[in-house]
Amino acid sequence: MKFEIVKKINNSLENDKVIIEIQFSNNNQDLYDFIEYLNNYEFNHDKVIVTDKNYNLIEIKYIDIVAFYSDKKSNYCRTKNETYKIKSKLYELENMDNNFIRISKSCIVNIKHIDKFDISEVGRIIVKLDDSTEEVVSRRRTRQIMKILEERMI
């Protein structure tokens, strides 16, 4: 499939508005998937979780979240730069976005921030994240993680 991109400046549009017109000659599932991706772009990239820090409300975009985790009866949201205490339960966060996967009872990671999976030890998977942290996949979740990897494999 070949793409030809034609850019036109339209000064009458709002500052953050873009119009995309797609013309094609044959039905192609990849093209429909691409159109669906474009339709969901704003929905997928503007979702936020709200937390407070020093009595100030802070919005954190899903795309910036590296992981959610529990520690000593509290839940946290970790980005590359900071960690925030959150009020949400992990089971509430687990299905909020397709890019988040539960790897253990106490941790949910964003697949967009995974650098690699270390499977050097038999029966154990270690997820290395782009914020230089590591999380261990529980044995109970290993099969699910392997299935997700197989589905996304190119």
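Positions are given from 1 along the sequence.
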S.K.: Working to the nearest 0.5 Å, report the span between CD1 of Ile103 and CD of Gln144.
M.R.: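 CD of Gln144 is found 10.5 Å from CD1 of Ile103.
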S.K.: First locate atom CD1 of Ile108, then atom CD of Glu92, and finally report the distance between them rounded to the nearest 0.5 Å.
M.R.: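 Answer rounded to 0.5 Å: 10.0 Å.
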S.K.: Any side-chain heavy-atom pair from Ile145 and Val127 closer than 4.5 angstrom?
M.R.: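 Ile145 vs Val127: side chains apart.
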S.K.: State, to 0.1 Å, how close Asn75 and Lys89 come at their nearest heavy-atom pair, and which atoms those are.
M.R.: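 Looking at all heavy atoms of both residues, the shortest contact is ND2-CA, 3.6 Å.
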S.K.: More than 12 foreign heavy atoms under 6.0 Å from CD of Glu59: is that the case here?
M.R.: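 Open: at most 12 neighbouring heavy atoms sit under 6.0 Å from CD of Glu59.
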S.K.: Mind jotting down which residue pairs meet the ring-ring contact (aromatic ring centres under 6.0 Å, His included) criterion with at least one end in residues 65-95? Sequence neighbours excluded, please.
M.R.: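 For residues 65-95: Phe68-Phe100, Tyr69-Tyr76.
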S.K.: Taking the side chain as C-beta and beyond, is there a heavy-atom pair between Ile60 and Cys77 under 4.5 Å?
M.R.: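 Ile60 reaches Cys77 side chain to side chain.
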S.K.: Applying side-chain contact (heavy atoms from CB on, under 4.5 Å), can you list everything that pairs with Ser104, at least two apart in sequence or on another chain?
M.R.: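 For Ser104 the side-chain contact (heavy atoms from CB on, under 4.5 Å) partners, ignoring immediate neighbours, are Ser106, Cys107, Ser138.
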S.K.: Could you state the interatomic distance from CD1 (Ile65) to CG (Asp97), rounded to the nearest 0.5 Å?
M.R.: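 It comes to 9.0 Å.
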S.K.: Is Met96 atom CE crowded by more than 12 heavy atoms from other residues, nucleotides or ligands, each under 6.0 Å away?
M.R.: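 Yes, enclosed.
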S.K.: Verify the cluster assignment for Leu93 and Val50: are they in a single hydrophobic cluster under the rule of side-chain heavy atoms below 4.5 Å apart?
M.R.: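 In one cluster with Leu93: Val50, no.
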S.K.: Are any of the side-chain nitrogens in Arg141 or Glu94 under 4.0 Å away from the carboxylate oxygens of its partner?
M.R.: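 Salt bridge between Arg141 and Glu94, a charged N being under 4.0 Å from a carboxylate O: yes.
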S.K.: Working to the nearest 0.5 angstrom, can you tell me the gap between Lys112 NZ and Asn99 CG?
M.R.: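 One gets 5.0 Å once the value is rounded to the nearest 0.5 Å.
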S.K.: Under 6.0 Å from the CG atom of Asn10, do we count more than 12 heavy atoms belonging to anything else shown?
M.R.: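 Yes.
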S.K.: Starting at CD1 of Ile125, measure out to CG of Asp118 and round the result to the nearest 0.5 Å.
M.R.: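 If I round to the nearest 0.5 Å, the distance is 10.0 Å.
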S.K.: Drop me the distance from Lys105's NZ to Arg140's CZ, to the nearest 0.5 angstrom.
M.R.: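 Going from NZ on Lys105 over to CZ on Arg140, the span is 8.5 Å.
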S.K.: Examine Val136 and Ile101 and state if one hydrophobic cluster contains both, with Ile, Leu, Val, Met, Phe, Trp and Tyr joined whenever side-chain heavy atoms are less than 4.5 Å apart.
M.R.: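 Result: no, two separate clusters.
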S.K.: Where the side chain of Asn110 meets the backbone of Tyr62, is there a donor-acceptor pair that is under 3.5 Å apart?
M.R.: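 Yes; judged by distance alone, with no hydrogens or angles, the pair exists.
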S.K.: Under a 3.5 Å threshold, yes or no: a donor from one side chain and an acceptor from the other, between Thr133 and Asp131?
M.R.: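 The criterion, which ignores hydrogens and geometry beyond distance, is satisfied for Asp131 and Thr133.
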S.K.: According to a hydrophobic-cluster definition based on side-chain heavy atoms being under 4.5 Å apart (Ile, Leu, Val, Met, Phe, Trp, Tyr only), do Val137 and Ile119 belong together?
M.R.: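 Yes; tracing contacts between hydrophobic side chains, which count when under 4.5 Å, links both residues.
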S.K.: Search all heavy atoms of Lys85 against all heavy atoms of Thr51 and return the closest pair with its distance.
M.R.: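 Answer, listing the atom of Lys85 first, then Thr51: O-OG1, 2.7 Å.
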S.K.: Hey, does Lys80 have a side-chain heavy atom less than 4.5 Å from the side chain of Asp130?
M.R.: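 Yes - at least one pair of side-chain heavy atoms lies under 4.5 Å apart.
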S.K.: The criterion is side-chain contact (heavy atoms from CB on, under 4.5 Å); which residues satisfy it with Ile9, sequence neighbours excluded?
M.R.: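 Ile9: side-chain contact (heavy atoms from CB on, under 4.5 Å) contacts with Asn11.
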S.K.: For Ile114 and Leu129, which heavy atoms make the closest approach, and how far apart are they?
M.R.: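 For Ile114 and Leu129, the tightest heavy-atom pair comes out as CG1-CD2, 3.8 Å.
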S.K.: Could Glu21 and Lys8 be called an ion pair, given the rule that one side-chain N must be under 4.0 Å from one carboxylate O?
M.R.: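 No, this pair does not count.
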